[in-house]
Amino acid sequence: MRVVVQQEPFDFGAQADGFARGRQDSGAIVTFTGIVRDVDGGLQQMEIEHYAGMTEKALEAIANEAVTRWSLDDALVIHRHGVLKTGDMIMMVATAARHRKDAFEAAEFLMDFLKSRAPFWKREVTADNVGWVDARGEDEDALKRW
Amino acid sequence: MRVVVQQEPFDFGAQADGFARGRQDSGAIVTFTGIVRDVDGGLQQMEIEHYAGMTEKALEAIANEAVTRWSLDDALVIHRHGVLKTGDMIMMVATAARHRKDAFEAAEFLMDFLKSRAPFWKREVTADNVGWVDARGEDEDALKRW
Amino acid sequence: MDVLYFAWVRERIGVPRETVDSSAVTVSDLVKELSAREERYAMAFSDLSALRVAVDQELSDFDATLDGVREIAFFPPMTGG
Amino acid sequence: MDVLYFAWVRERIGVPRETVDSSAVTVSDLVKELSAREERYAMAFSDLSALRVAVDQELSDFDATLDGVREIAFFPPMTGG
């Protein structure tokens with residue numbers, strides 16, 4: 001299991017390939033990647049603030065919970081902070097399991113908790129507006145299914 | 001949307017990266033990769049037979065159905081046939097959507113249908129046995145949720 | 001009409017593909033006709049619940065009619081992915 | 001005790017972190033104490049339902065006691081991923 005919090009871009013292809021390669025017992029690998037989307041008015045940049053002392057601990061707790069609840073052979077979480085542009089990759093998770101059901105469910109669980117329980121805050125800057133992204137009610141609701 | 005059926009290995013990292021890179025409107029990318037697992041007795045090789053005339057059409061129909069049922073910006077399906085070894089990647093799907101729920105559900109839908117409705121048959125060769133892989137009841141059951 | 005066989009159906013029947021002259025109306029009729037011809041067909045078709053059929057390269061069922069059909073395929077449940 | 005603020009809570013209060021001397025028993029007590037001190041705190045803490053709190057770097061709630069606590073953080077609902 002590996003959790004990485006960093007300002008620098010990460011190489012999604014290399015990370016995904018490195019995570020999947022050489023496994024003998026995991027039949028199923030799922031990855032999720034979050035990308036900065038453009039917004040109405042044209043996104044100039046997205047700024048991601050985080051709680052440096054807490055972020056890794058929170059992500060590790062979420063990943064540990066996933067490994068406890070599903071039959072996972074491995075899990076990976078990478079999350080960036082700092083200034084990002086449209087099309088930049090914000091984060092990724094990857095899960096490896098014997099069967100696809102565990103790999104899919106654990107990846108969705110990681111995403112649901114990472115959205116609402118890891119200390120990151122997004123701010124969007126457009127030509128005529130700067131604003132913190134509001135938490136979506138459906139993200140909070142998504143936690144209830146687990 | 002792209003569907004590829006081939007005997008040659010594919011480069012998962014490059015395919016995943018190429019699929020995700022440069023998107024401006026898709027916030028969520030999900031990939032699934034299937035890997036040849038070892039079996040009791042030690043897998044010497046896995047042979048995947050397919051129905052050449054029908055395979056691409058069947059996969060395209062499944063991918064089209066996914067694009068119709070979810071808000072997808074893009075979908076990718078790659079499936080190999082021929083002789084594979086333990087640890088080789090058999091196939092991958094990728095989905096791109098505005099939000100993660102669509103990307104996850106569509107990827108699971110693609111996998112569920114591809115397992116039981118695309119004309120591939122796996123045969124496992126171990127030191128003392130050669131046998132066709134049985135379809136799993138739970139794979140057929142998985143179709144019912146869609 | 002071309003008849004194709006895959007996986008263990010192919011192994012039991014012994015050929016991957018053959019051309020069959022038949023006046024069968026439905027897939028079921030064709031199965032009965034072939035099964036009556038030779039033991040290897042009867043063996044392959046002994047449990048239809050374990051078989052799937054494609055008509056002109058689309059999944060179909062044993063009640064499908066063969067009118068105008070050019071290609072029919074028999075195989076076990078698929079195991080892709 | 002160190003008190004940290006993130007996102008718009010930080011912007012309203014004007015500092016990312018400060019050391020606070022307080023005899024507050026719970027997080028709620030601390031919020032009331034700070035809100036009484038200056039308008040910028042009252043503004044930031046005006047709607048507690050829009051706020052989350054972490055105590056010693058773990059998510060907690062406003063009823064949590066502050067006995068032995070070294071670090072407390074206030075922030076809006078998280079928006080990672």
Side-chain angles (χ1 to χ4, degrees), chain B residues 3 5 32-37 46-62 65 77-82 84 89-93 107-124 130-143, chain C residues 1-20 22 26-28 30-31 34 39-81:
Chain B
V3 166
V5 179
F32 177 92
T33 317
I35 295 180
V36 180
R37 272 193 297 122
M46 170 178 278
E47 300 160 10
I48 303 180
E49 182 169 335
H50 78 125
Y51 183 173
M54 177 177 163
T55 314
E56 274 187 43
K57 273 192 278 187
L59 292 176
E60 274 164 17
I62 294 167
E65 176 80 8
V77 178
I78 302 176
H79 205 301
R80 295 183 63 194
H81 57 89
L84 287 84
M89 292 178 189
I90 304 172
M91 48 72 60
M92 70 173 286
V93 305
E108 289 177 72
F109 171 90
L110 285 173
M111 285 309 304
D112 284 348
F113 275 79
L114 192 148
K115 279 262 168 194
S116 309
R117 292 292 181 270
F120 292 99
W121 300 273
K122 293 191 186 115
R123 197 162 79 138
E124 289 171 346
V130 177
W132 293 97
V133 173
D134 282 327
R136 300 192 309 162
E138 62 191 279
D139 283 334
E140 191 63 32
D141 291 344
L143 300 184
Chain C
M1 174 166 53
D2 288 328
V3 185
L4 283 67
Y5 311 105
F6 292 95
W8 57 255
V9 182
R10 171 179 55 72
E11 291 178 334
R12 288 193 195 173
I13 289 174
V15 293
R17 160 194 287 265
E18 60 188 330
T19 303
V20 171
S22 165
T26 66
V27 175
S28 283
L30 177 64
V31 165
L34 290 169
E39 181 60 18
R40 58 194 170 106
Y41 293 103
M43 288 278 287
F45 293 131
S46 62
D47 178 10
L48 291 191
S49 74
L51 287 189
R52 302 289 179 270
V53 61
V55 170
D56 282 341
Q57 307 185 347
E58 295 217 3
L59 287 175
S60 186
D61 55 59
F62 289 87
D63 296 332
T65 58
L66 297 180
D67 190 31
V69 165
R70 290 159 309 170
E71 184 172 306
I72 181 160
F74 295 100
F75 41 78
M78 292 149 278
T79 54

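Note on naming: letters A, B, ... go to the chains in the order of the sequence lines (proteins, then strands), and numbering restarts at 1 for each one.
The aromatic rings of Trp121(B) and Phe6(C) sit parallel to each other, their planes meeting at less than 30°, with 60° as the upper class boundary.
For a residue to count as touching a neighbouring chain, one of its non-hydrogen atoms must lie under 4.5 Å from one of that chain's; by this rule His50(B) touches chain C with the backbone only. Contacts between Pro16(C) and chain B at a heavy-atom distance below 4.5 Å are absent for every atom of the residue. With a 4.5 Å cut-off on non-hydrogen atoms, Ala58(B) does not touch chain C at all. Interface remark: Ala54(C) contributes side-chain atoms only to the contact with chain B (heavy atom separation under 4.5 Å). Contacts between Ile90(B) and chain C at a heavy-atom distance below 4.5 Å involve the side chain alone, from C-beta outward.
Of all heavy-atom pairs between Tyr51(B) and Ala73(C), the closest is CE1-CB, 3.4 Å. In plain terms, the two heavy atoms of Lys57(B) and Gln57(C) that are nearest each other are NZ-OE1, 2.6 Å. Heavy-atom minimum distance, Thr79(C) versus Asp134(B): CG2-C, 3.9 Å. Contact detail for Arg117(B) and Leu59(C): the closest heavy-atom pair is CD-CD1, 3.4 Å.
Most heavy-atom pairs under 4.5 Å with chain C: of the set Ala61(B), Ser116(B), Gly34(B), this distinction falls to Ser116(B). Heavy-atom pairs under 4.5 Å with chain C were tallied for Met111(B), Met92(B), Arg123(B); the largest tally goes to Arg123(B).
When the shell of 6.0 Å around CG of Asp47(C) is examined, it contains more than 12 heavy atoms from other residues, nucleotides or ligands. Within a 6.0 Å radius of CD in Glu18(C), other residues, nucleotides and ligands contribute more than 12 heavy atoms.
Atom OG1 of Thr55(B) sits about 10.5 Å away from atom CE of Met78(C), to the nearest 0.5 Å. The structure places CD of Glu49(B) at 4.0 Å from CZ of Arg10(C), a figure rounded to the nearest 0.5 Å.
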